[in-house]
Amino acid sequence: MSCLPFLVVMLDIIARLPPKNVAQCKLVCKEWLDFILERKFVRAHCHYMRASADQKLLMVGWKTIKVHSLNYKSPRFIVPRGIARPFYAHPSRMFFLASLDGMLCVCLQNTCELVVWNPLTTKFKKLANSNSQGFYKVDSDALGFFVDSSDDYKILHIKRRRGTMTVYIYSMELNSWSTVRFLKHRPYHHYTYLWSPATLCGGGLYFVVTQCRGRSDGLTVIRFDVNSKSFSELCFPNVYDDEVSGSLVNINEELHMYVCIGNYDYRREIVLWRLKNKSWMKVFAYPYKLWMPLSTMCSFTYYNLPGTCLVITNFGQVI
């Protein structure tokens with residue numbers, strides 16, 4: 001160990017350890033403590049943790065909140081660990097909007113406040129202020145969680161009220177909100193448009209925006225560049241059908257979309273598309289299975305078990 005360069009020890013060895021072991025390494029010496037607290041180390045550690053096979057799933061019940069392991073070989077897959085919430089909110093009144101590097105962005109439905117919460121460390125921060133920023137309306141707003149090139153964690157909040165749209169960005173480093181411009185002369189502020197949860201992939205946040213529920217010509221993909229803070233429009237995959245829905249997923253830093261063809265009662269086919277050079281390429285298609293409740297009200301998460309995606313519907317089904 002004494003022959004290895006300091007950066008190799010910290011970024012290639014210590015950064016691969018589980019969080020509890022990293023916390024113990026802070027006690028070795030002041031030099032290790034200072035480096036572990038630097039953003040460079042935090043980013044490296046989060047990168048390795050995202051690639052870990054022991055990913056976590058937070059299950060919120062009527063009265064309890066439990067952490068499950070998604071690793072089938074882990075004892076915690078069978079026996080979950082209960083956690084306490086550090087802020088006042090009934091579990092049934094918490095709406096989870098986004099997650100990134102172990103942090104969750106939560107809407108407290110009784111007050112509409114936005115909260116950033118780390119359930120494993122129990123630390124949290126409320127984002128609402130006296131300027132009416134940081135208040136989220138579940139039926140009309142959209143939100144994304146990202147980190148920019150300066151390693152600053154940020155929240156993108158697309159706020160729609162009374163026929164107008166305002167886009168806010170919260171900086172966790174600066175502890176403040178700012179505004180950015182949206183696309184000019186576009187109708188997405190109208191209440192007839194439905195916005196999906198954001199999917200972070202390759203320096204962008206992506207949303208599926210639906211106007212006419214079910215028609216492919218009423219579907220658009222909106223991209224927000226996390227570094228230039230600008231919006232752009234992308235076309236929907238080349239699918240012609242009266243009943244279509246799409247769900248985005250980041251697979252190995254490539255944006256994919258699962259497209260369901262057919263209405264909710266009679267799904268005919270599921271097609272996986274991959275975005276390459278602003279064009280959609282068809283990867284494969286397979287017949288719809290009755291046990292897969294894919295709809296516009298579900299989210300996909302790719303995690304580190306080969307070829308596996310986690311599907312969570314708004315009704316609480318996990319597949």
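In what follows, residues are counted from 1 in the order of the sequence shown.
- Residue Trp280 holds its CH2 atom at 9.0 Å from NE2 of His256, rounded to the nearest 0.5 Å.
- For Tyr188, the ring-ring contact (aromatic ring centres under 6.0 Å, His included) partners two or more places apart in sequence, or in a different chain, are Tyr193.
- Under the salt bridge (charged side-chain N to carboxylate O under 4.0 Å, His left out) criterion, the residue pairs touching residues 22-38 are Lys30-Asp34, with sequence neighbours excluded.
- Hydrophobic cluster membership is shared by Val167 and Val147, with clusters built from Ile, Leu, Val, Met, Phe, Trp and Tyr side chains linked at under 4.5 angstrom.
- If you take OG on Ser171 and CH2 on Trp177, they are separated by 10.5 Å, rounding to the nearest 0.5 Å.
- Residues satisfying the ring-ring contact (aromatic ring centres under 6.0 Å, His included) test with His190, not counting sequence neighbours, are none.
- Atom CG in Leu183 sits 9.0 Å away from atom CE in Met165 (nearest 0.5 Å).
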Go through it in stages, so that I can follow the logic: the residues are Met172 and Lys125, the test is side chain to side chain contact (heavy atoms under 4.5 Å, CB included), and I'd like the CA-CA distance, side-chain angles, deciding distance and then a yes or no. CA-CA 9 Å; Met172 295 186 68; Lys125 185 174 184 60; 5.7 Å; no

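- Phe284 pairs by the ring-ring contact (aromatic ring centres under 6.0 Å, His included) definition with Tyr286, not counting sequence neighbours.
- To the nearest 0.5 angstrom, Leu174 atom CG is 11.5 Å from Ile169 atom CD1.
- In terms of the salt bridge (charged side-chain N to carboxylate O under 4.0 Å, His left out) criterion, residue partners of Arg39 (sequence neighbours excluded) are, by chain and number, Glu173.
- Here the side chain of Trp273 pairs no donor or acceptor atom with the backbone of Phe236 at under 3.5 angstrom.
- For Phe207, the ring-ring contact (aromatic ring centres under 6.0 Å, His included) criterion is met by Trp195, not counting sequence neighbours.
- Follow the hydrophobic side-chain contacts under 4.5 Å out from Met281 and you never reach Val271; the two are in separate clusters.
- In the hydrophobic clustering, where aliphatic and aromatic side chains (Ile, Leu, Val, Met, Phe, Trp, Tyr) are joined below 4.5 Å either directly or transitively, Leu37 groups with Leu33.
- For Glu254, the salt bridge (charged side-chain N to carboxylate O under 4.0 Å, His left out) criterion is met by no residue, not counting sequence neighbours.
- Summarising the local packing, NZ of Lys229 is surrounded by more than 12 heavy atoms from other residues, nucleotides or ligands at distances under 6.0 Å.
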Could you go step by step and tell me if Met10 and Trp32 meet the side chain to side chain contact (heavy atoms under 4.5 Å, CB included) rule? CA-CA 8 Å; Met10 300 306 296; Trp32 281 35; 4.0 Å; yes

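- By the rule that hydrophobic residues join a cluster once side-chain heavy atoms approach within less than 4.5 Å of another member, Leu4 and Phe35 end up as members of one cluster.
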Step by step, would you call Tyr48 with Asp12 a side chain to side chain contact (heavy atoms under 4.5 Å, CB included)? CA-CA 10 Å; Tyr48 289 126; Asp12 292 337; 3.8 Å; yes

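- Residues Ser99 and Phe145 come closest through the heavy atom pair C-CD1, 4.2 Å.
- The one candidate from Leu58, Thr64, Thr122 that meets the side chain to side chain contact (heavy atoms under 4.5 Å, CB included) condition with Ile83 is Leu58.
- In this structure Arg93 satisfies the salt bridge (charged side-chain N to carboxylate O under 4.0 Å, His left out) test with no other residue, sequence neighbours excluded.
- When all heavy atoms of Trp117 and Ala84 are compared, the closest pair comes out as CZ2-O, 4.0 Å.
- Heavy atoms only, all atoms of each residue included: Asn250 and Thr199 are closest at N-CG2, 3.9 Å.
- Contact check for Arg186 versus Glu233: side-chain heavy atoms found under the 4.5 Å cut-off.
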How far apart are the C-alpha atoms of Asp101 and Tyr153, what are their side-chain angles, what is the distance that settles it, and do they pass the side chain to side chain contact (heavy atoms under 4.5 Å, CB included) test? CA-CA 10 Å; Asp101 292 344; Tyr153 287 92; 2.6 Å; yes

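- Taking CG from Leu234 and CE from Met257, the interatomic distance works out to 9.0 Å, rounded to the nearest 0.5 Å.
- Using a 4.5 Å heavy-atom threshold, the side chains of His45 and Val42 count as separate.
- With sequence neighbours excluded, the residues satisfying salt bridge (charged side-chain N to carboxylate O under 4.0 Å, His left out) with Asp225 are Arg223.
- In this structure, Ile155 CD1 and Cys105 SG are separated by 4.0 Å, a value rounded to the nearest 0.5 Å.
- When the side chains of ILVMFWY residues are joined at heavy-atom separations under 4.5 Å, either directly or via intervening members, Phe6 and Val28 end up in a single hydrophobic cluster.
- A chain of hydrophobic side-chain contacts below 4.5 Å, direct or via other Ile, Leu, Val, Met, Phe, Trp or Tyr residues, connects Val283 to Ile251.
- Side-chain contact check for Leu127 versus Tyr168: every heavy-atom pair is 4.5 Å or farther apart.
- Pairing each heavy atom of Val239 with each of Ile261, the nearest pair is CG1-CD1, 3.9 Å.
- Sorted by first and then second residue, the side chain to side chain donor-acceptor pair (under 3.5 Å) pairs involving residues 133-149 (not counting sequence neighbours) are Asn129-Gln133, Asp141-His157, Asp141-Arg161, Asp148-Ser150, Asp148-Lys154, Ser149-Asn227.
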Name the atoms and distances for all side-chain donor-acceptor pairs under 3.5 Å in residues 108-115, with sequence neighbours left out.
unit_1, atom_1, unit_2, atom_2, d
Thr111, OG1, Glu113, N, 3.4
Thr111, OG1, Glu113, OE1, 2.9

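- Contact record, Cys25 with Leu17: SG-CD1, 4.0 Å, taken as the closest heavy-atom pair.
- Here the closest heavy-atom approach between residue Phe41 and residue Ile36 is recorded as CD2-O, 3.4 Å.
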